[in-house]
Amino acid sequence: MRKQYHWIQAIIIWFAFFTMYVFKINHTAGIDEIMTFFKYTRLPTDILLYDAPNNHILHSFFVWISTSLLGNSLIAIRLPGFMAGIISLALLYRLGNRWRNHYIGLVSMLLMGITLSFLTFINAGRGYTLTILFTILLIENVSKVSTSTSMRQRFYTFILSLCLLLIMPSNVYLILSIILWQFIVGWQLEKSELLKNTAPLFISSAIGTVFYISILITNLPSGLTHEFEVGIININVFILDVIRSLFEIPSLSILLFGIFLWGALTTFQQYRKPKFFLIAVIIFVSIFGSIVQLVVTHMLFFGRNFLYLLPLTSIISAMGIYRLKKLRLNFMIPLLLLLVGLWGIQTTNTNTNIRNWLTTLEENTLDGDIVFIGPAIYDPIYYHVRVLGETSRDYFAPSDQSDRFVIVPTTCEWPCLDADELISIHGLQQYINECTEEVWDSQKVVTCPIVNPPYSRVNSSCFVSIYPYWRECSDADNIKVES
């Protein structure tokens with residue numbers, strides 16, 4: 001009866017999380033998720049194109065399936081990440097419950113569920129929650145393999161580790177950690193048995209590497225000569241970014257990090273079981289691998305690349321909270337964490353509010369204005385206008401008269417471009433005379449009257465501007481672009 005009560009309690013909390021998350025799934029489009037949608041999920045052949053870190057290959061495949069079945073809505077784009085996140089919460093509870101007890105499982109689920117990185121990515125069309133899901137499944141599976149010779153479990157190890165590598169190449173740190181752990185805890189086994197346990201991980205690593213060969217060949221030489229700049233350079237920024245990704249909770253980040261350190265100290269001292277030693281090995285390899293990466297390439301991954309650590313740090317932090325039972329505080333903490341989650345989810349949408357900005361744009365632009373937007377928010381705006389059709393004016397359609405450029409600089413997102421840089425990049429200097437800086441609903445814009453139109457009118461409803469997305473016309477064969 002007691003166990004039945006535990007499951008009911010866990011289901012109630014899980015459903016509370018589901019309800020909190022589902023109300024945020026349709027929030028305004030983000031930059032990376034829409035760039036990924038446009039570039040990597042429209043055709044099956046695009047999915048395998050790994051020319052930038054934005055393509056989480058397996059996630060892009062799931063998004064392609066979702067959008068093919070449900071259309072190109074934000075919900076369809078975000079559905080794979082959402083489902084992975086909500087399932088991972090249930091699986092983390094099960095893992096904590098099996099490894100220790102119901103309380104550890106419950107608090108682990110609560111801690112991960114209210115971490116801002118998790119709150120952000122469960123409702124974003126990115127592959128990070130998939131990483132968390134497959135990490136939990138793989139950790140649970142390999143901890144069984146250490147005491148079993150089941151071929152089925154080894155096959156699961158192969159599939160799960162391959163899936164992780166097909167989400168992000170940085171997950172190789174997790175795979176290497178498990179290989180090292182297998183050798184350490186299995187050194188007394190016969191060599192043939194040890195090789196059977198580690199073979200699935202070696203084979204999946206070899207297959208996974210094939211998908212990234214092109215970018216390795218292209219960028220590794222420049223990385224070794226410190227010319228390839230994707231990632232974080234400053235070690236202090238890197239450390240803070242990782243800590244934020246794993247421990248940032250509204251008003252409780254420092255406290256949670258302290259509880260994690262306390263939990264790690266007490267857990268690794270008192271519970272010297274292979275499963276907890278595995279967590280220690282994963283953390284060690286992630287740190288050591290990052291140091292080697294920094295020395296060799298002078299570059300580091302982003303903190304979010306290490307989100308495979310999130311379910312593990314949540315378990316260790318839960319162990320630390322459980323140790324507070326002597327202070328009679330541990331049974332109050334789940335309720336407190338749930339309340340923090342209810343409050344914190346309101347702060348998770350850090351995207352520029354595209355819908356509000358489009359309303360401002362409609363109120364201030366004139367028919368025929370050519371709007372130049374910085375690359376950071378361009379794709380989300382194009383998505384809301386063209387894919388969702390959320391504006392009455394189509395800023396991406398041809399017009400037969402244009403008298404003004406509207407320059408929208410990006411100052412808070414990467415890459416940041418001011419108005420002068422946008423004018424220079426698009427070669428607008430020769431078409432304008434004087435520009436005026438204005439503020440539209442807290443957004444700075446620059447308006448520039450056109451004195452030498454960069455298009456050729458072919459008929460009353462068609463022109464081609466110099467910006468690629470305005471090279472659209474119903475009668476493309478008749479287009480004549482001024483050189």
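None of these values were measured; they are calculated from a predicted model.
To the nearest 0.5 angstrom, Ile179 atom CD1 is 4.0 Å from Phe202 atom CZ. Summarising the geometry, atom OG belonging to Ser66 is positioned 4.5 Å from atom CG belonging to Leu79; distances are rounded to the nearest 0.5 Å. The CZ atom of Phe61 sits 6.5 Å away from atom CD1 of Ile47, with the distance rounded to the nearest 0.5 Å.
Annotation: ring pair (Phe, Tyr, Trp, His ring centres under 6.0 Å) contacts of Tyr128 (sequence neighbours excluded): His56, Phe121. Residues passing the ring pair (Phe, Tyr, Trp, His ring centres under 6.0 Å) test with Trp64, sequence neighbours excluded: none. Take Ser161 and apply the side chain to side chain contact (heavy atoms under 4.5 Å, CB included) test, not counting sequence neighbours, and it matches Leu138, Ile175, Leu201, Ser204.
Residues Asp32 and Met35 form a side-chain contact, since some pair of their non-hydrogen atoms from C-beta on lies under 4.5 Å apart. Side-chain contact between Asn141 and Arg152 is absent, with no heavy-atom pair separated by less than 4.5 Å. Residues Phe134 and Leu174 fail the side-chain proximity criterion, which asks for heavy atoms closer than 4.5 Å. Looking only at side-chain heavy atoms (C-beta outward), Leu95 and Pro311 stay at 4.5 Å or farther from each other.
The aromatic rings of Trp14 and Phe18 lie parallel to each other, with less than 30° between the two planes, well short of the 60° mark.
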### Task
Go through Thr115 and Leu246 one step at a time and tell me if the side-chain contact (heavy atoms from CB on, under 4.5 Å) criterion holds.
CA-CA 7 Å; Thr115 305; Leu246 300 177; over 6 Å; no
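When each of Ile75, Ile77, Ile87, Ile25 is paired with Phe82, the side chain to side chain contact (heavy atoms under 4.5 Å, CB included) condition holds for Ile25 and for no other.
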